Amino acid sequence: MLRTVILLGACTLVLGACQKRTTPPGDRGVCYQVVRTPEGTLKYNKIPGAQPDLEHCAAALEAIRVRFLQMGGTTRTLVGAYQGNFIFVQSEGIFTSPSWEQNRYLALVRTGDGRLAIPGAMPRAPAP
């Protein structure tokens, strides 16, 4: 019985590792806005200007999101890509992931006034 359980667990790990993952381009210093086409594929729109790091790319994507909203758009989330990582701009903050299917990790948080900051950089209010 134990041998069967171990064999099933190993098969699950092997099959999970073989799952095809959608990864973004890894061009150095290039920031993309990513949109899903009606066919279901991803289209990468290059944002003008070189971005020195992921935080600057995320800020450029946030600026695009705000401009879309000011023009009457209703989309509150935006997806981008930078050097082999997807960037997910959401109301809770900025998340990143090495592939579309993998877990997303918090990269930047929103401050009380809506600005973006590195997690832990803002002082917390003292506990009552």
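Model, not experiment: these values are computed from the prediction. These values consider heavy atoms only, across backbone and side chains, with no hydrogens, waters or symmetry-generated copies. One-based numbering along the sequence shown.
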*asked:* side chain to side chain donor-acceptor pair (under 3.5 Å) for Glu39 and Thr41? Distances and angles first, verdict last.
replied: CA-CA 6 Å; Glu39 296 83 32; Thr41 60; 4.6 Å; no
*List the atom of Gln83, the atom of Gly29, and the distance in Å for their closest heavy-atom pair.*
OE1-N, 2.9 Å
*asked:* Could you work out, with side-chain hydrogen bond (donor to acceptor under 3.5 Å, both in side chains) as the rule, every residue matching Ser99, not counting sequence neighbours?
replied: Gln102
*Please answer whether the main-chain N or O of Phe95 pairs with a side-chain N or O of Gln90 as donor and acceptor at a distance below 3.5 Å.*
no
_Under the side chain to side chain contact (heavy atoms under 4.5 Å, CB included) test against Val35, which residue among Asn45, Val79, Leu78 passes?_
Asn45
*Tyr82 (side chain) donor-acceptor with Asp53 (main chain) under 3.5 angstrom*: yes
Can you give me every donor-acceptor pair (side chain of residues 61-71, partner residue at least two apart or in another chain, under 3.5 Å) with its distance?
from: Glu62; atom 1: OE1; to: Arg65; atom 2: NE; distance (Å): 3.0
from: Glu62; atom 1: OE1; to: Arg110; atom 2: NH2; distance (Å): 3.0
from: Glu62; atom 1: OE2; to: Arg65; atom 2: NH2; distance (Å): 3.1
from: Glu62; atom 1: OE2; to: Arg110; atom 2: NH1; distance (Å): 3.1

*Decide yes or no for Val30 and Lys46: does some side-chain heavy atom of the first lie under 4.5 Å from some side-chain heavy atom of the second?*
yes
*When rounded to the nearest 0.5 angstrom, what is the spacing between CG in Leu54 and CG in Leu108?*
7.5 Å
*Looking at CG of Leu42 and OG1 of Thr23, how far apart are the two atoms once the value is rounded to the nearest 0.5 Å?*
10.0 Å
*Heavy-atom donor-acceptor pair, Tyr32 side chain to Pro25 backbone, under 3.5 Å*: no
*Indicate yes or no for a side-chain donor-acceptor contact from Thr96 to the backbone of Ala107 under 3.5 Å, with no hydrogens or angles considered.*
no
*Given side chains that start at C-beta, do those of Thr22 and Glu101 come closer than 4.5 Å, heavy atoms only?*
yes
*asked:* Determine whether Tyr105 and Ser97 satisfy the following criterion, side-chain contact (heavy atoms from CB on, under 4.5 Å), listing intermediate values before the conclusion.
replied: CA-CA 6 Å; Tyr105 300 98; Ser97 176; 5.6 Å; no
*Could you tell me which non-hydrogen atom of Gly80 sits nearest to which non-hydrogen atom of Val34, and how far apart they are?*
C-CG2, 3.7 Å
*asked:* Once rounded to the nearest 0.5 Å, what's the spacing between atom SG of Cys57 and atom CD1 of Ile87?
replied: 3.5 Å
_Are more than 12 heavy atoms, taken from residues, nucleotides or ligands other than Arg36, located less than 6.0 Å from that residue's CZ atom?_
yes
*Taking every non-hydrogen atom, the tightest pair across Pro98 and Pro24*: O-CD, 3.6 Å
*Where does the angle between the aromatic ring planes of Phe86 and Trp100 fall among parallel (under 30°), tilted (30 to 60°) and perpendicular (over 60°)?*
perpendicular
*What's the spacing between Ile118 CD1 and Glu55 CD if we round to 0.5 Å?*
5.5 Å
